[in-house]
Amino acid sequence: MAYIERREAEGVAADTVPIHDGAAGDYVQLLKPRVMSLVVFTAFVGMVIAPTGINPIIGFVSLVAIAVGAGAAGALNMWYDADIDRVMARTARRPIPSGRVPAGDALVFGAWLGAGSVVFLGLAANYVAAGLLAFTILFYVFVYTAWLKRSTPQNIVIGGVAGALPPMIGWAAATGTVSMESFVLFLIIFLWTPPHSWALALYRSDDYARAGIPMLPVAKGLRATQIQMLAYSVPLAVVGVVPAFLGMASPAYGVVAAILGAAFVFLTWQVYRMPATDKEMRPARRLFAFSLLYLFLIFVMLLAERGFAMP
Amino acid sequence: MTETAVTEQPEGIRLSPEQRRRQRGRSVAIAVALFALVGLFYLLTIAKLGGGVLAAKILGSS
């Protein structure tokens with residue numbers, strides 16, 4: 001009996017039988033290229049500003065491994081979350097819910113890429129960086145995706161650990177160790193994640209509610225979200241300046257980082273004052289857009305200062 | 001093998017032209033990825049060996 005007939009006998013309509021049908025681009029989409037670009041950028045900064053420097057070829061190969069590892073985590077996340085992606089407008093067109101890639105393919109694709117990227121980074125750079133990459137992938141898939149995302153409003157806070165580790169991996173690829181400096185880079189992204197994600201969750205809360213994901217605005221309401229966003233924005237603004245005190249950046253960096261941090265807190269304050277009757281939620285949209293710019297500028301400044309300091 | 005097996009269409013899944021096009025696209029992507037991997041391993045090997053590889057002594061004589 002042919003495969004499709006067998007599936008039809010199981011009650012699956014012939015046109016929905018999952019055969020290997022996706023285009024190459026669908027598999028690229030499984031890797032979450034936009035998230036991957038942020039991971040590559042922050043890992044690159046961590047690698048470049050490390051005091052030891054790194055052979056450019058080994059650095060490049062390490063970045064490829066880190067990018068593929070991040071992509072693997074994305075593919076495994078899409079495999080696990082296909083059921084909720086299907087009911088959210090933002091994610092319904094992803095390769096698995098739209099039927100272009102069978103779920104099992106995404107699982108195998110993600111698992112092999114994940115394992116391969118860790119081994120590759122170990123061979124290219126060192127086993128500290130490889131261990132951190134493995135931890136990041138496993139944390140994102142098992143702790144964030146499979147456990148926290150559907151069970152607690154603090155999902156993205158704890159899950160944010162995975163998103164904050166790439167600069168530490170980049171630093172470790174260059175130096176072979178983790179240090180206070182790389183921990184500060186980690187802390188910047190870790191503290192940045194909650195206000196950034198909750199700003200989005202505020203104006204997409206209907207989507208999250210429909211999928212049953214207990215994002216903070218859905219589970220605890222607007223007020224609790226506003227308070228907690230402010231509670232992360234203030235320490236973020238402070239930690240953003242710290243690289244200037246650790247000798248990682250100049251006082252000029254410190255001044256600009258302080259201004260950017262103040263702007264971040266001001267925009268979060270505007271979200272804090274946003275009434276529940278505000279359906280358009282412009283302050284939340286503004287903060288979300290600015291948060292991306294903030295992180296980009298902080299890391300670009302660190303990179304640029306290191307670049308200029310090089311002989 | 002029977003005589004008709006060569007000329008008859010095999011049973012099972014018949015791909016549409018669109019599915020064939022995607023299958024070809026996937027095959028090309030896999031080929032590109034494999035070549036890229038070979039290139040990366042080559043570059044990595046050169047970088048790891050370093051510039052003095054040809055002058056390296058095999059045994060511990062100084």
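Predicted, not measured: the structure shown is a model, and the values here were computed from it.
Closest approach of B:G25 to A:A24, counting heavy atoms only: O-CB, 3.9 Å. Residues B:L44 and A:I58 share a closest heavy-atom pair of CD1-CG1, 4.2 Å. When every heavy atom of B:L43 is checked against every heavy atom of A:I57, the shortest pair comes out as O-CG2, 3.6 Å.
When the shell of 6.0 Å around CZ of A:F299 is examined, it contains more than 12 heavy atoms from other residues, nucleotides or ligands.
In this structure, chain B has a heavy atom under 4.5 Å from the side chain of A:V64, while its backbone stays farther away. Looking at A:A65, there are no atoms closer than 4.5 Å to chain B (heavy atoms on both sides), in backbone or side chain.
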key: Derivation and outcome, side-chain contact (heavy atoms from CB on, under 4.5 Å), residues A:V61 and B:F41   = CA-CA 9 Å; A:V61 173; B:F41 268 106; over 6 Å; no

